[in-house]
**Student:** 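One structure, pasted below without further comment.
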Amino acid sequence: MACCTGRCTLILLCTLQLVAALERQVFDFLGYQWAPILANFLHIVATILGLFGTLQYRPRYVIAYALWAAVWVTWNVFLICFYLEVGDLNKESELLTFHVSQHQSWWSEHGPGCVRKEAPVAGVAELESHSYVSVIGCNVEYQYIEVMHSALQILLALLGFVYACYVTSVFTEEEDSCRRK
C-alpha cells in the first residue's frame, strides 16, 4: 500500500489536529476558559473517532468526523470574531468562562515578551491573594495569538473535511466493488 494515499493523509491530519487540540486545551485550562475547554474536549473525541474510523475502514465514523469538522470550523470562526471584537462581541466579556470567573486567555498575561507586574489591592487580606495585574511590553497581543490558534484549527479542519469526504468515497467504492463480485 502506498503511503501517500488519502487514507494516510487523513491519519496524518487527524494526528496533527490531536496535537494542536491538546496544546490548545492546556492553555485554555491555564486561563480557565470553560467554553473552549468543553469544545476542545468534544473536538478531541470526534478526531479520535475519525482516526479510528480511518484506521478501521469505518465510513460512518469518518462521516461523523467530517460533520464535526464543519462544526469545528464554525466554532473557530466565532472565536476569531470574538477576539477581534466583530459586531457586538467583546473579548473582555466573561462569555468564554460561562460567567463563572473573571479570567481571560492565558496569553493575555503570559504572551511572548510580556512583562507582568502585580500590585496588591489595598484592604484585602493577603491570604486571598487578590492583586491588580498590569501587563506591558508584549511582542504580540494575546488576541492575535488566539486568532492564529483558531486559524490553524480552521486550516486543519478544512483539510480534514476534504480528505474525510475523499476517504469515505473510496471506502464506499471498495464496498460496492466487493458486493459486485
**Student:** Do Arg7 and Tyr166 have side-chain N/O donor and acceptor atoms under 3.5 Å apart?
**Tutor:** no
**Student:** With sequence neighbours left out, write down each residue that passes side chain to side chain donor-acceptor pair (under 3.5 Å) with Glu141, or none if nothing qualifies.
**Tutor:** Gln143
**Student:** In sequence, state the C-alpha distance, the side-chain angles, and the governing distance for Phe41 and Val45, and then conclude on side chain to side chain contact (heavy atoms under 4.5 Å, CB included).
**Tutor:** CA-CA 6 Å; Phe41 174 75; Val45 169; 3.9 Å; yes
**Student:** Among all residues two or more places apart in sequence or in another chain, which pass the side chain to side chain donor-acceptor pair (under 3.5 Å) test with Ser150?
**Tutor:** Arg24, Asn76
**Student:** If you group Ile, Leu, Val, Met, Phe, Trp and Tyr by side-chain heavy-atom gaps below 4.5 Å, do Val162 and Leu158 land in one group?
**Tutor:** no
**Student:** Applying the side chain to side chain contact (heavy atoms under 4.5 Å, CB included) criterion to Leu51, which one of Leu10, Val62, Leu18 satisfies it?
**Tutor:**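 For Leu51, the side chain to side chain contact (heavy atoms under 4.5 Å, CB included) check succeeds only for Leu18.
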**Student:** Do Ile48 and Ile37 sit in the same hydrophobic cluster, where Ile, Leu, Val, Met, Phe, Trp and Tyr count as joined when their side-chain heavy atoms come under 4.5 Å apart?
**Tutor:** no
**Student:** In Å, rounded to the nearest 0.5 Å, how long is the span from OG1 of Thr54 to CG of Leu12?
**Tutor:** 11.5 Å
**Student:** Drop me the distance from Gln153's CD to Leu79's CG, to the nearest 0.5 angstrom.
**Tutor:**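 Going from CD on Gln153 over to CG on Leu79, the span is 9.5 Å.
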**Student:** Atom OH of Tyr65 and atom SG of Cys14: how far apart are they, to the nearest 0.5 Å?
**Tutor:**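 That separation rounds to 4.0 Å.
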**Student:** Any idea which heavy atoms bring Phe78 and Leu95 closest together, and the distance?
**Tutor:** CZ-CD2, 3.7 Å
**Student:** Check side chain to side chain contact (heavy atoms under 4.5 Å, CB included) between Leu159 and all other residues, then give those that pass, not counting sequence neighbours.
**Tutor:**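 Counting only residues at least two positions away or on another chain, Leu159 forms a side chain to side chain contact (heavy atoms under 4.5 Å, CB included) with Leu13, Leu155.
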**Student:** Who are the side chain to side chain contact (heavy atoms under 4.5 Å, CB included) partners of Phe161, not counting sequence neighbours?
**Tutor:** Ala66, Ala69, Cys165
**Student:** Checking Glu146 now: which residues fulfil side chain to side chain contact (heavy atoms under 4.5 Å, CB included) with it, not counting sequence neighbours?
**Tutor:** Tyr83, Ser105, Trp107
**Student:** Got a second to check how far Lys91's NZ is from Leu89's CG, nearest 0.5 Å?
**Tutor:** 12.0 Å
**Student:** When you check the side-chain N and O atoms of Asp28 and Gln33, is any donor under 3.5 Å from an acceptor?
**Tutor:** no
**Student:** Considering non-hydrogen atoms only, spot the tightest contact between Ala157 and Val73 and give its length.
**Tutor:**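 Smallest heavy-atom distance, with atoms named: CB-CG2, 3.7 Å.
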**Student:** For Phe52, does the CZ atom have more than 12 heavy-atom neighbours from other residues, nucleotides or ligands under 6.0 Å away?
**Tutor:**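 Yes, because the 6.0 Å sphere around CZ of Phe52 holds more than 12 heavy atoms from other groups.
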**Student:** Please enumerate all residues that pass side chain to side chain contact (heavy atoms under 4.5 Å, CB included) together with Trp68, with sequence neighbours excluded.
**Tutor:** Leu42, His43, Ala46, Val71, Trp72
**Student:** Spell out, yes or no, whether Val147 and Trp106 are grouped together once hydrophobic residues are joined by side-chain heavy atoms under 4.5 Å, including indirect joins.
**Tutor:** yes
**Student:** In the single-linkage hydrophobic clustering (I, L, V, M, F, W, Y; side-chain heavy atoms under 4.5 Å), do Val86 and Met148 co-cluster?
**Tutor:** yes
**Student:** If I compare all heavy atoms of Ala64 with all of Leu49, which pair ends up nearest, and what's the gap?
**Tutor:** CB-CD2, 4.0 Å
**Student:** Got a second to check how far Leu55's CG is from Cys8's SG, nearest 0.5 Å?
**Tutor:**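 So the gap between those two atoms works out to 9.5 Å.
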**Student:** Check whether Val26 and Val19 end up in the same hydrophobic cluster, where Ile, Leu, Val, Met, Phe, Trp and Tyr are linked by side-chain heavy atoms less than 4.5 Å apart.
**Tutor:** no
**Student:** Write down the atom of Leu156, the atom of Ala20, and the distance for their closest heavy-atom approach.
**Tutor:**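 Shortest heavy-atom separation between Leu156 and Ala20 comes out as CD1-CB, 4.1 Å.
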**Student:** With a 4.5 Å heavy-atom cut-off, do Tyr142 and Val135 have their side chains touching?
**Tutor:**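 Tyr142 does not reach Val135 side chain to side chain.
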**Student:** Taking all heavy atoms of Ile80 and all of Ala151, pick out the closest pair and write down the distance.
**Tutor:**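 Looking at all heavy atoms of both residues, the closest pair is CD1-N, 4.2 Å.
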**Student:** Working to the nearest 0.5 angstrom, can you tell me the gap between Ile145 CD1 and Phe27 CZ?
**Tutor:**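 Between atom CD1 of Ile145 and atom CZ of Phe27 there are 9.5 Å.
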**Student:** Does Ala70 offer a backbone N or O that forms a donor-acceptor pair with the side chain of Thr74 under 3.5 Å?
**Tutor:**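 A pair under 3.5 Å: yes.
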